[in-house]
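Okay, so here's the structure we're looking at.
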Amino acid sequence: MRRLRGVVPSVRGVVLAVLGAVLVGCGVQPTGVIEAGEPATGLTRGMRLYYASDTGLRAVPVLDRDISSLDAVMKLLAQGPTAAERREGLTTLLHAPSGYTVTGDGPRVTVDLEDSYWAEARAQVTGQLVCTIASFQSVREAEVRADDVEVTIRPREGPVLGPLRCAGYLGG
């Protein structure tokens with residue numbers, strides 16, 4: 001019995017030494033920080049509505065609605081955020097114009113208004129419109145990136161705005 005008691009601790013020591021050597025000598029060398037460039041920027045894929053907030057435009061994913069046309073996107077944006085989104089400080093500055101058509105082909109989208117357009121090109125409301133339409137157009141035509149969509153707003157009276165890109169409204 002005395003021999004076994006003396007052997008067991010030494011076996012335990014050998015096993016721990018072997019495990020330690022295996023773990024230390026597994027071949028993986030420590031590395032420093034590897035630079036991989038800047039973080040991703042730009043618009044994300046997927047349909048989003050852009051609402052105004054105190055800090056600028058905020059995107060809200062559209063998950064539960066079937067939107068079939070660019071005209072429907074304008075109508076949905078004008079309806080405004082849900083009650084929960086309003087509690088988070090979101091609002092819409094866009095009021096549905098009395099008459100409009102929205103047409104898109106590839107990265108080019110045109111909003112034709114039957115009335116005048118009340119906002120300036122750099123206004124947050126224009127950003128809501130441009131970014132929401134760009135988001136939808138990139139979903140509608142999968143080969144088009146949202147960053148590449150150019151929106152032109154053509155009112156019946158007043159100057160034409162655009163072509164405008166969403167990136168100009170996202171502060172980046």
Side-chain angles (χ1 to χ4, degrees), residues 33-172:
V33 175
I34 298 173
E35 296 293 331
E38 295 296 317
T41 61
L43 298 171
T44 57
R45 286 296 270 167
M47 178 57 205
R48 288 172 171 41
L49 295 171
Y50 285 80
Y51 291 120
S53 75
D54 290 342
T55 59
L57 294 180
R58 287 196 19 217
V60 175
V62 178
L63 304 173
D64 59 346
R65 299 177 188 135
D66 184 27
I67 302 170
S68 58
S69 71
L70 290 164
D71 287 331
V73 170
M74 281 263 296
K75 187 179 291 184
L76 187 60
L77 181 61
Q79 287 174 359
T82 65
E85 292 162 347
R86 284 192 304 274
R87 283 192 298 274
E88 291 180 23
L90 301 180
T91 189
T92 186
L93 302 173
L94 181 71
H95 304 288
S98 59
Y100 59 88
T101 56
V102 186
T103 55
D105 183 27
R108 309 248 185 292
V109 177
T110 302
V111 180
D112 287 302
L113 301 173
E114 291 181 10
D115 293 326
S116 59
Y117 186 67
W118 62 96
E120 297 178 13
R122 301 283 29 121
Q124 197 174 36
V125 64
T126 304
Q128 280 188 260
L129 181 61
V130 169
C131 291
T132 298
I133 287 175
S135 170
F136 182 76
Q137 184 68 1
S138 72
V139 170
R140 189 170 159 238
E141 296 192 24
E143 69 281 357
V144 174
R145 291 176 2 129
D147 287 328
D148 296 332
V149 174
E150 295 180 332
V151 178
T152 301
I153 302 170
R154 292 192 324 202
R156 176 174 284 182
E157 298 175 14
V160 171
L161 301 179
L164 306 167
R165 290 183 183 221
C166 181
Y169 300 94
L170 297 180

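Values in this document were obtained by computation on a predicted structure and should not be read as measured data. In what follows, residues are counted from 1 in the order of the sequence shown.
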Applied to residues 82-107, the salt bridge (Lys or Arg N to Asp or Glu O under 4.0 Å) test, sequence neighbours excluded, yields Arg58-Glu88

In this structure, CG of Leu164 is separated from OG1 of Thr152 (nearest 0.5 Å) by 7.0 Å

Here the gap from Leu94 atom CG to Gln79 atom CD, rounded to the nearest 0.5 Å, amounts to 11.0 Å

ask   = Does a side-chain heavy-atom distance below 4.5 Å link Leu57 with Cys131?
value = yes

* I would like to know whether Phe136 and Val62 meet side-chain contact (heavy atoms from CB on, under 4.5 Å); could you show each step before the answer? => CA-CA 10 Å; Phe136 182 76; Val62 178; over 6 Å; no

Residue pair Leu129 / Val151, side-chain heavy-atom distance below 4.5 Å
no

Nearest heavy-atom contact between Gly56 and Ser53 is O-OG, 2.6 Å

For Leu90 and Pro81, the nearest pair of non-hydrogen atoms, with its separation, is O-CG, 3.4 Å

What side-chain donor-acceptor pairs closer than 3.5 Å can you find for residues 69-76, not counting sequence neighbours?
{"residue": "Ser69", "atom": "OG", "partner": "Ala72", "partner atom": "N", "Å": "3.1"}
{"residue": "Asp71", "atom": "OD1", "partner": "Val102", "partner atom": "N", "Å": "2.8"}

Closest non-hydrogen atoms of Val144 and Ser138, given as atom of the first, atom of the second and distance, are O-CB, 3.2 Å

**Message:** Tell me whether Ser135 contacts the main-chain N or O of Arg48 through its side chain, where contact means a donor paired with an acceptor under 3.5 Å.
**Reply:** yes

Val149 and Arg165 have their tightest heavy-atom pair at O-CG, 3.6 Å

query = Taking the side chain as C-beta and beyond, is there a heavy-atom pair between Glu157 and Leu113 under 4.5 Å?
reply = no

Across all chains, not counting sequence neighbours, the side-chain contact (heavy atoms from CB on, under 4.5 Å) partners of Ala52 are Thr91, Leu93, Gln124, Gln128

To the nearest 0.5 Å, atom OG1 of Thr126 lies from atom OH of Tyr117 at 2.5 Å

Is it the case that over 12 heavy atoms from other parts of the model lie below 6.0 angstrom from the CZ atom of Arg154?
no

Taking the cut-offs as 6.0 angstrom to the six-membered ring centre and 45 degrees off its axis, would you call Arg122 and Tyr169 a cation-pi pair?
yes

Regarding Arg156 and Glu114, does a basic nitrogen lie under 4.0 Å from an acidic carboxylate oxygen? no

Treating Glu150 as the side-chain partner and Pro107 as the backbone partner, does any N or O pair qualify as donor plus acceptor under 3.5 Å? no

Nearest heavy-atom approach of Tyr51 to Gly80 is OH-O, 3.2 Å

What one should report as the nearest heavy-atom pair of Ala78 and Thr92 is O-CG2, 3.8 Å

Value for CG (Leu77) from NE2 (His95), rounded to nearest 0.5 Å, stands at 11.0 Å

